[in-house]
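The basis for the numbers below is simple: all heavy atoms, side chains too, and nothing from hydrogens, waters or symmetry mates. Note that the numbering runs from 1 along the sequence shown for the chain.
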Amino acid sequence: MTQDREGLSDPKAMRALAHPARLMILNRLQVEGSATATEVAEIAGITPSAASYHLRMLAKYGFVEDAPPRGDGRERLWRGVDKPLSVGVRPDDQPDVRAAKVLLIAAFRKDANEEADRALAQSDLEPEEWRDVTLFSRHRLRVNAEELARLSREIEELLEPYVARNRSERDAPEGARLVEAQVNLFPAAARVVPGLPTEDHGARPVPD
């Protein structure tokens with residue numbers, strides 16, 4: 001997990017995390033609490049031995065750790081390290097650090113997009129009360145860097161009381177369930193303008 005506000009910077013740790021199965025395992029441990037290799041293997045769709053390997057790699061770079069045992073303590077339990085996870089590209093990043101950051105951000109975005117796609121595909125199956133409060137939105141803002149930084153902090157502060165790793169099922173009100181909040185704040189990059197085509201290949205004339 002991240003040690004400070006600056007986010008992850010170790011390229012080996014970021015490359016280790018940028019693996020679909022490890023992201024699923026880490027998310028499972030952070031949201032639902034401690035689990036065995038067999039339990040996280042089911043979530044990731046891999047064998048328990050493969051899950052054990054991924055857990056050891058996550059532990060090597062400080063993302064997970066041993067959890068207190070259950071019952072007779074025969075099974076090894078793992079839990080996510082309780083620290084926020086963030087990564088951001090900086091102008092002074094060394095090439096290997098930047099490449100690792102881009103790889104990890106792309107893995108985050110892919111996982112997030114798949115989560116949203118699943119929700120959209122199953123939206124018709126949701127009860128009306130949940131359909132009514134589901135939101136997929138996109139906004140173009142006009143702000144300076146200071147305003148964007150303030151907006152980011154305000155969004156984090158607004159979400160913090162509801163974050164699943166800080167709010168157990170026992171603490172949440174009746175009817176609460178896991179909900180995904182995806183926030184992206186970034187300067188809009190200029191699009192490449194393709195220009196007008198020189199010929200209308202295969203285009204049919206529009207009748208008068």
Side-chain angles (χ1 to χ4, degrees), residues 1-9 11 13-15 17-20 22-24 26-27 30-31 83-167 172 175-203 206:
M1 305 289 22
T2 228
Q3 268 70 47
D4 52 46
R5 191 74 175 92
E6 295 299 317
L8 296 170
S9 59
M14 288 185 284
R15 289 194 181 93
L17 184 57
H19 185 290
R22 291 174 192 166
L23 289 176
M24 282 188 278
L26 185 58
N27 182 65
Q30 288 180 327
V31 173
K83 294 178 182 177
L85 182 67
S86 64
V87 58
V89 177
R90 298 173 58 86
D92 57 350
D93 284 337
Q94 294 298 312
D96 62 331
V97 174
R98 182 183 178 85
K101 286 183 174 182
V102 170
L103 179 67
L104 182 54
I105 292 171
F108 285 162
R109 292 300 318 137
K110 184 176 184 295
D111 187 61
N113 288 338
E114 290 174 352
E115 189 76 39
D117 289 344
R118 284 192 298 272
L120 185 59
Q122 299 178 33
S123 59
D124 290 345
L125 304 178
E126 292 288 354
E128 184 177 356
E129 63 175 329
W130 286 98
R131 290 200 306 269
D132 289 345
V133 295
T134 296
L135 175 66
F136 294 93
S137 67
R138 180 182 176 186
H139 305 275
R140 284 282 176 145
L141 312 178
R142 197 178 302 278
V143 296
N144 64 18
E146 182 180 350
E147 290 175 318
L148 190 61
R150 183 171 66 249
L151 178 60
S152 177
R153 290 193 300 271
E154 291 172 350
I155 291 173
E156 287 186 357
E157 291 170 1
L158 182 63
L159 294 176
E160 186 61 28
Y162 307 100
V163 174
R165 71 170 179 268
N166 301 329
R167 194 187 206 200
R177 54 185 284 191
L178 290 177
V179 170
E180 178 93 358
Q182 298 188 10
V183 180
N184 299 292
L185 296 174
F186 52 86
R191 292 176 182 245
V192 176
V193 179
L196 296 173
T198 56
E199 296 181 17
D200 294 328
H201 297 288
V206 178

Undergrad: Just so I know, are the side chains of Arg98 and Gln94 near enough to count as touching, which here means a heavy-atom distance under 4.5 Å?
TA: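 Answer no - side chains too far apart.
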Undergrad: To the closest 0.5 Å, what do you measure between NZ (Lys110) and CG (Leu23)?
TA: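 Taking NZ in Lys110 and CG in Leu23, the distance rounds to 10.0 Å.
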Undergrad: Please report the closest heavy-atom contact between Ser9 and Pro11, naming both atoms and the distance.
TA: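 Smallest interatomic distance, heavy atoms only, reads O-CD, 3.2 Å.
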Undergrad: Starting at CD of Glu114, measure out to CE of Met24 and round the result to the nearest 0.5 Å.
TA: 8.0 Å
Undergrad: Could you give the distance from CD1 (Ile155) to CD (Glu160), rounded to the nearest 0.5 Å?
TA: 13.5 Å
Undergrad: Looking only at heavy atoms, what is the nearest atom pair of Arg15 and Leu103, with distance?
TA: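 Answer, listing the atom of Arg15 first, then Leu103: CG-CD2, 4.2 Å.
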Undergrad: Would you say Leu26 and Gln30 make side-chain contact, with heavy atoms under 4.5 Å?
TA: yes
Undergrad: Report the C-alpha distance between Leu159 and Val183 in whole Å, list the side-chain angles of each, state the deciding distance to 0.1 Å, and finish with yes or no for side chain to side chain contact (heavy atoms under 4.5 Å, CB included).
TA: CA-CA 10 Å; Leu159 294 176; Val183 180; 4.2 Å; yes
Undergrad: If you round to the nearest 0.5 Å, how far is CZ of Arg118 from CD of Glu115?
TA: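 Atom-to-atom, Glu115:CD and Arg118:CZ are 4.5 Å apart.
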Undergrad: What is the minimum heavy-atom distance between Phe136 and Ala119, and which atoms define it?
TA: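 Shortest heavy-atom contact: CZ-CB, 4.3 Å.
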Undergrad: Calculate, to the nearest 0.5 Å, the distance between atoms NE2 and CG belonging to His139 and Leu185 respectively.
TA: 11.0 Å
Undergrad: Looking at Asp96, Val89, Leu8, which one forms a side-chain contact (heavy atoms from CB on, under 4.5 Å) with Lys101?
TA: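 So the option named by the test is Val89.
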Undergrad: Using side chain to side chain contact (heavy atoms under 4.5 Å, CB included) as the criterion, list what pairs up with Ala149, not counting sequence neighbours.
TA: Arg153
Undergrad: Is there a side-chain contact between Arg109 and Asn184 in this structure, where contact means two heavy atoms from C-beta onward sitting under 4.5 Å apart?
TA: yes
Undergrad: Salt-bridged, Arg177 to Glu126, with N to O below 4.0 Å?
TA: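 Salt bridge present between Arg177 and Glu126.
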Undergrad: Evaluate the side-chain proximity of Thr134 to Asp132: yes if any heavy-atom separation is below 4.5 Å, no if none is.
TA: no
Undergrad: Search all heavy atoms of Asp93 against all heavy atoms of Gly88 and return the closest pair with its distance.
TA: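 So the minimum-distance heavy-atom pair works out to OD2-O, 4.1 Å.
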Undergrad: Taking all atoms of both residues into account, what is the closest heavy-atom pair of Ala100 and Met14, and its distance?
TA: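 What the structure gives for the nearest pair is CB-CE, 3.9 Å.
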Undergrad: Taking C-beta and beyond as the side chain, do Val87 and Phe108 meet within less than 4.5 Å on heavy atoms?
TA: yes
Undergrad: Are any non-hydrogen side-chain atoms of Leu151 and Val143 less than 4.5 angstrom apart?
TA: no
Undergrad: Look up atom CZ in Arg142 and atom CD in Glu147, then write down how far apart they are to the nearest 0.5 Å.
TA: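 So the gap between those two atoms works out to 11.5 Å.
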Undergrad: Could you tell me whether Glu128 atom CD has more than 12 heavy atoms of other residues or ligands within 6.0 Å of it?
TA: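 It does not: Glu128 CD has 12 such atoms or fewer within range.
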Undergrad: Which atom pair, heavy atoms only, marks the closest approach of Ala188 to Arg140?
TA: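 For Ala188 and Arg140, the tightest heavy-atom pair comes out as CB-NH1, 3.0 Å.
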